[in-house]
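These notes are about the structure you will find just below.
Each chain gets a letter, A, B and so on, in the order its sequence line appears, and its residues count up from 1.
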There are 2 protein chains.
Amino acid sequence: MTRITPFVMAKPMESPTSLTHGAYAKLRAQLLACRFAPGEKLKIDDLCRRFEVGSSAVREALSRLASEGFVVSEPQRGFRVAPLSVDALSDLTNVRCSIEELCLRGAIEKGGIEWQTQVVAALHRLSHTPVWADKAARRYSEEYARAHEIFHEALAAGCGSPWLLHLRATLYNHSERYRAFSGPLSKVDRDLDREHREIAEATLARNSERAVTLMNQHLQMTTKVILDSVLAGEPAPESAKARPGDAHLPESLPRKRGAPA
Amino acid sequence: MTRITPFVMAKPMESPTSLTHGAYAKLRAQLLACRFAPGEKLKIDDLCRRFEVGSSAVREALSRLASEGFVVSEPQRGFRVAPLSVDALSDLTNVRCSIEELCLRGAIEKGGIEWQTQVVAALHRLSHTPVWADKAARRYSEEYARAHEIFHEALAAGCGSPWLLHLRATLYNHSERYRAFSGPLSKVDRDLDREHREIAEATLARNSERAVTLMNQHLQMTTKVILDSVLAGEPAPESAKARPGDAHLPESLPRKRGAPA
DNA sequence: TATTTCAGGATTATGCATTTTTATTTGCAA
DNA sequence: TTGCAAATAAAAATGCATAATCCTGAAATA
């Protein structure tokens, strides 16, 4: 009965195979986009109505998101959106630099023709995607964010280490949450196109030292822009209702999960 | 009403604040100890009876464990124990070497007196804990495994980076699962005490290069011993019932979680 | 003013109904 | 009689609604 499908592009439409997974994906996307304020209480019933699913699905989605560090679970008090903090962003950026360096060096050493091709393709897509969704508000467009993610993932993919790529993706997603939180970005004219192009060129030229240096500068600069935006201007651009809680106070983000049995 | 408690040791008895968390902790402990065979089907009802909780609690525990990579979730087909593979162990070990190196260098650079003290204490505890639970079977005792974990965690803790320590703990736990899977360890006389002591000495002496070299050798040697044990002797020592599924075939372990919304 | 009690609300846990998957059996044809 | 396929039955996973437990906050009392 399986009809022959001529060609299938890489999953153009997501099929939420189960309500649980659908709720998880939607909630996760809204969390990453900072549609919920950090520290905000996530009431089960509200989420049930919002996503039109039962409490089981919502609870399961929240559990997974909690173990990923995007929400925090207090034993008998329900769930809250994981807080953001300057210290956590600083730590996150530093660790991310280290991990991206490992990926980059591995990719330069082991990457083959397929990897090179994907990097070139991703760079092309990125440089031909409009950066700003709202020129006045200076906020990135959804398409640009996606192309940016694909570009960085393509660079790292060459290392061929599933675990390293998994760690990298984790850190990238958490960084994205900070970027989404930041308001209109500072006016310093940053030639993102040039940064990405130079990183790609140094990488494809197998110049590890230069590639790593450029990548670190790229990541630290991004963090600096975000911090400037948050500390200077208004913190939240269009984050939803409810109490904003703590926005940027120094506290740790990824709390340790129970190791002892 | 809070009665004054004279002294409280570090949580001698776990208080399962909720049934869900209790089931999660128990299941996780059994997973890490390889009480379930890799690839084995995890039936909800069986787990309900085994842990004496409802299906919600079990489902939630499985969700969290799935996002941690200890079980895999197939959309409408339930959950299975995450498979193990030689390739995955190899990758895991390599990445772990890199992460432990980052932790170690950071700790040597930034660790203070408190860190040094904890390292010395952990080394003392480790060297005075009996290694073998069953001398004949050559299997580590529970106490030794715990002391070993504390020792390595103490070494890394000095780096002071929450994110780096989180990544390290993740990799350590997955490595533990492989160690628990391996049968009786090979007869090569390995002076574990000496290895740990030399690592600690080099670290406390702020000798980064030597400490990192020794740590890498330590980790790679552990992996080699495990591989020898698995490839040579009988694969599973006392793993529970049910079909063992695939034990050691080359496949990837940490499958990517859905990034696209 | 501090403590206690009580009501409201939210989270947690359970059991059942629905839907999908899988295994077995039956029927038909070679 | 054997092999394949469809249909049926069993089992399991998913989703939902209800019940019980716990926390939060305010009112009342000492």
Side-chain angles (χ1 to χ4, degrees), chain A residues 1-3 14-28 31 36-37 39-67 70-82 240-243 245-246 257-258, chain B residues 1-4 14-28 31 36-37 39-67 70-82 241-243 245 258:
Chain A
M1 276 302 177
T2 54
R3 188 184 300 265
E14 288 286 326
S15 61
T17 54
S18 73
L19 287 185
T20 295
H21 193 78
Y24 163 76
K26 289 180 190 171
L27 186 51
R28 182 187 143 106
L31 254 338
F36 296 95
E40 179 182 344
K41 190 106 201 322
L42 290 171
K43 295 181 190 175
I44 307 272
D45 289 346
D46 287 356
L47 296 176
C48 289
R49 280 188 289 275
R50 180 187 277 257
F51 296 115
E52 295 177 344
V53 293
S55 57
S56 289
V58 169
R59 167 166 293 276
E60 202 166 320
L62 286 173
S63 293
R64 295 181 66 149
L65 291 167
S67 104
F70 295 119
V71 312
V72 292
S73 154
E74 289 150 284
Q76 225 90 10
R77 297 183 174 186
F79 298 86
R80 311 187 80 89
V81 180
K241 68 213 168 182
R243 72 208 105 168
D246 324 301
R257 270 177 290 291
Chain B
M1 276 303 177
T2 55
R3 188 183 300 262
I4 295 176
E14 288 286 326
S15 62
T17 55
S18 72
L19 286 184
T20 295
H21 192 78
Y24 162 77
K26 290 179 190 172
L27 185 51
R28 182 187 145 107
L31 253 339
F36 296 94
E40 178 182 345
K41 189 113 195 338
L42 290 171
K43 297 180 189 174
I44 305 273
D45 288 344
D46 285 356
L47 297 176
C48 288
R49 280 187 289 275
R50 178 187 279 258
F51 297 115
E52 296 176 343
V53 293
S55 57
S56 288
V58 169
R59 166 167 295 277
E60 203 167 318
L62 286 173
S63 293
R64 297 180 68 145
L65 291 169
S67 102
F70 295 119
V71 312
V72 292
S73 152
E74 289 150 286
Q76 225 93 5
R77 297 183 176 186
F79 299 86
R80 310 188 80 88
V81 180
K241 67 213 169 183
R243 69 210 103 171

Just wondering, do B:L27 and B:F70 contact through their side chains at under 4.5 Å, heavy atoms?
no

How many angstroms lie between CZ in A:R80 and NZ in A:K43, if you round to the nearest 0.5 Å?
10.0 Å

Where is the tightest heavy-atom contact between B:A61 and B:A23, given as atom of each residue plus distance?
CB-C, 4.3 Å

Which atoms of nucleotides 10-12 of chain C (N or O only) lie under 3.5 Å from a protein N or O atom, and what are those distances?
residue, atom, partner, partner atom, Å
C:dT11, OP1, A:K41, NZ, 2.8
C:dT12, OP1, A:P75, O, 2.9
C:dT12, OP2, A:R59, NH1, 3.1
C:dT12, OP2, A:R59, NH2, 2.3

Do A:P75 and B:S18 make a side-chain contact, defined as non-hydrogen atoms from C-beta onward lying under 4.5 Å apart?
no

Quickly work out the B:E52 CD to C:dT14 P distance and round it to whole Å.
10 Å

Closest contact, heavy atoms only, A:S73 versus A:F79:
CB-CE2, 3.5 Å

Find every protein N or O atom lying less than 3.5 Å from an N or O atom of nucleotides 19-21 of chain D, and list the pairs.
none

Contact check, side chains of A:I44 and A:L62, non-hydrogen atoms, under 4.5 Å
yes

Gap between atoms CG and C1', on B:L47 and C:dT14 respectively (whole Å):
17 Å

Smallest separation among heavy atoms of B:K41 and B:G78, with atom names:
NZ-CA, 4.4 Å

What's the spacing between A:K26 NZ and A:L47 CG if we round to 0.5 Å?
12.0 Å

Between P of D:dA13 and NE2 of A:H21, the distance in whole Å
18 Å

